[in-house]
There are 2 protein chains.
Amino acid sequence: MPPKQPAVPSVWTRPRKEREQPALSRGRIVTEAVRLLDADGIDALSMRSLGTRLGAGATSLYRHVASKDELIELAVDEVFGELEVPAEAGPDDWRAALAATAGSLRAMVLRHPWFASVVGQVGLAFLGPNMMRMSDRVLGILGAAGFDVTEADRAMKALVAYVLGMATSEAAWLNVLAQSGQDEGELLRALMPAAEQAVRDHPHLRAFYAAVPRQEAQSDLARRRDEDFDYGLQRLLDGLRHRLA
Amino acid sequence: MPPKQPAVPSVWTRPRKEREQPALSRGRIVTEAVRLLDADGIDALSMRSLGTRLGAGATSLYRHVASKDELIELAVDEVFGELEVPAEAGPDDWRAALAATAGSLRAMVLRHPWFASVVGQVGLAFLGPNMMRMSDRVLGILGAAGFDVTEADRAMKALVAYVLGMATSEAAWLNVLAQSGQDEGELLRALMPAAEQAVRDHPHLRAFYAAVPRQEAQSDLARRRDEDFDYGLQRLLDGLRHRLA
DNA sequence: TCACTCTAGCGAACACTGTACGCACTGAGC
DNA sequence: GCTCAGTGCGTACAGTGTTCGCTAGAGTGA
């Protein structure tokens, strides 16, 4: 047994585990889970690893969280809190407002690459408060643009599906990239021979591969991804505008 | 200890494991994996459960497959083999061809609901032969429609992103539905009170909820999903056509 | 026929996983 | 002081993916 604490503990010699508040809480757990996921990816998240990060045992977490699946749902909604959606828009700037929303959503996914690997499991069936807030705003923007209720809902679903689909595949590529430990250009060049081999019997794919420049700086690769994303987004917005006219 | 086998085994009492051919093969493993996934979902797929289904031990699989992740990638590409893409199309029917492709892709995902939960992990970084075949054809259709190489690639990415995003969220909902064991209408009605509660502070969401009919037959629910999917698809195709004009 | 190599399959083992259960402790209210 | 609810944790269980070294048989060449 260690000796008893002095009656008046100094700031330097206070008990290591200062039990100020309940110490563990849903909020703290979820925040730390997101931190862990961001840093080390989905495979690194285990109840034990998260517990030790919080200075707690693994099973203590279950007092605040029903299961690992629920924890992940909470982490997903936590991340949705970062989303920036214009509070409202008029019939003239709905397009800009939606584009900004889409950009913010994509950036959110790319900031948290693990998001891609769980979005399919948790689906959007789980309706966290943050996600509801953003849905409501997007519906508002579309309503102000002139869409009726059910069409606004469909337009929103389409936008979200496009952005998540696009960002998901980007994030999956970034995950591969991170695990390879290589530079993006290096990795691309390393994969090139296999790709050229596989593409031999596919004329259109081959034509595309032939057209893409062989050596590109990192910034060019990133810009190309931005353009890829923007292209489809603009086509979808064009289609929606055409619907209004 | 069970008694030894008789010296001359009859047809009825021959060793259970008749070793005809190599018995295990990459192909057989992948096919059975897809069957298992379709029947019992992603959580039911373990190397041991798959092994026993094939009348083999878990570790035997590793002679034919490098890891569980690789197995899943193979299963994904196997499923891509079901995709039906028109071999070619002219400048007048590219839109119909793309719509058919999109429908086939969506149907494929819904036939294999586990697909949604792995598509984010494996991404589209993995380029299996079946997926390359379909990419090549889609690029061909878009090229014939009048898009240049890089724009065709962007259009294809957008289409696939939209369809997968949409189908993924549908499949996730279907997964929840299947696990609940309830009828879709029942489950919706069961969730309604919580949804109305959560929606209280969100006027636009509330308006949408108010507009959706309370009691719908299963066929109506399915038709509504089809329409949701079609709406975004048509908007995207509109945007692409507008780009050509 | 023998000896040799090669390979598919397997059993045991390892390091982990998510989670159920019951005990220990703490602080609040009476 | 006593009770009681709530918080944390140690142990345990059933299961995971994967490694390693063994076995039994097929194929090959002499």
Side-chain angles (χ1 to χ4, degrees), chain A residues 1-2 4-5 9 14-33 36-37 40-76 114 117-118 121-122 179, chain B residues 1-2 4-5 9 14-33 36-37 40-76 114 117-118 121-122 179:
Chain A
M1 280 289 154
K4 236 189 155 147
Q5 296 285 332
R14 67 165 52 134
R16 267 140 297 168
K17 196 174 296 171
E18 358 190 353
R19 147 177 332 247
E20 316 166 342
Q21 296 300 358
L24 232 44
S25 79
R26 226 171 142 97
R28 239 165 69 73
I29 291 177
V30 173
T31 331
E32 192 62 34
L36 198 162
L37 285 166
D40 301 331
I42 186 74
D43 290 336
L45 176 68
S46 79
M47 297 310 263
R48 279 178 248 261
S49 65
L50 181 58
T52 35
R53 271 207 175 211
L54 289 159
T59 61
S60 310
L61 307 177
Y62 284 88
R63 292 276 168 205
H64 308 266
V65 154
S67 67
K68 189 183 181 184
D69 283 349
E70 183 187 292
L71 173 63
I72 290 180
E73 289 183 353
L74 290 170
V76 165
W114 52 271
S117 46
V118 304
Q121 309 181 44
V122 70
Q179 269 184 325
Chain B
M1 279 286 155
K4 235 190 156 137
Q5 297 283 331
R14 70 164 51 134
R16 270 137 295 170
K17 199 170 296 169
E18 359 190 350
R19 143 182 334 248
E20 313 166 346
Q21 296 297 359
L24 233 44
S25 78
R26 226 172 142 99
R28 240 166 67 72
I29 292 176
V30 173
T31 329
E32 191 63 33
L36 199 162
L37 285 166
D40 301 329
I42 186 74
D43 289 336
L45 175 69
S46 78
M47 299 307 264
R48 279 177 248 262
S49 65
L50 181 57
T52 35
R53 273 208 174 209
L54 289 159
T59 62
S60 311
L61 307 177
Y62 285 87
R63 291 275 164 202
H64 308 268
V65 154
S67 67
K68 190 183 180 184
D69 284 349
E70 183 185 293
L71 174 64
I72 290 181
E73 289 183 354
L74 291 170
V76 165
W114 52 273
S117 45
V118 303
Q121 309 182 45
V122 70
Q179 268 184 328

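Labels below follow one simple rule: chain letters A, B, ... track the order of the sequence lines, proteins then strands, and each chain is numbered from 1.
Across D:dG8, D:dC9, C:dT19, the shortest atom-to-atom separation from the side chain of A:Ala56 is found for D:dC9. Comparing C:dT19, D:dG17, C:dG9 by their nearest atom to the side chain of B:Ser60 picks out C:dG9. For B:Arg63, whose side chain is taken as the heavy atoms from C-beta onward, the closest listed nucleotide among D:dT18, C:dA8, C:dT19 is C:dA8. Picking from C:dG9, D:dT19, C:dG18 the nucleotide with the shortest atom distance to the side chain of B:Leu24 gives C:dG9.
Distance CG (A:Leu61) to C1' (C:dA20): 15 Å, rounded to an integer number of Å. Rounded to whole angstrom, the span from the NZ atom of A:Lys68 across to the C1' atom of C:dC16 amounts to 11 Å. Straight-line distance from the CD atom of A:Glu70 to the P atom of C:dT19: 10 Å, rounded to whole Å. Between the P atom of C:dA8 and the CG atom of B:Leu54 lies a distance of 16 Å, rounded to the nearest Å. Here the P atom of nucleotide D:dT18 and the CG atom of B:Leu71 are 10 Å apart, to the nearest Å. In this structure, B:Tyr62 places its OH atom 13 Å from C1' of C:dC14, rounding to the nearest Å. Taking atom CE of residue A:Met47 and atom P of nucleotide C:dC16, one finds them 18 Å apart after rounding to whole Å. Rounded to a whole Å, the CD1 atom of A:Ile29 is 14 Å from the C1' atom of D:dC9.
Inter-residue side-chain proximity for B:Leu50 and B:Leu71 is flagged as met; some heavy-atom pair is nearer than 4.5 Å. A:Arg63 places none of its side-chain heavy atoms less than 4.5 Å from the side chain of A:Leu24.
Side chain B:Ser46 to base D:dG17: no donor-acceptor pair is found below 3.5 Å. A donor-acceptor contact under 3.5 Å links the side chain of B:Arg48 to the base of D:dG17.
In terms of position along DNA chain C, the nucleotide closest to A:Asp43 lies nearer the 5' end than the nucleotide closest to the other residue of the pair A:Thr59 and A:Asp43.
Looking at A:Ser60, its side chain never comes within 3.5 Å of a backbone N or O of A:Gly51 through a donor-acceptor pair.
For the atom pair OG1 of A:Thr31 and CG of A:Leu36, the computed distance is 12.5 Å after rounding to the nearest 0.5 Å. With rounding to the nearest 0.5 Å, the separation of CG in A:Leu61 from CZ in A:Arg26 is 12.5 Å.
At the heavy-atom level, A:Leu45 lies under 4.0 Å from the strands shown only through sugar-phosphate atoms.
Phosphate proximity of C:dG9 to B:His64: present, with a side-chain N or O under 4.0 Å from OP1 or OP2.
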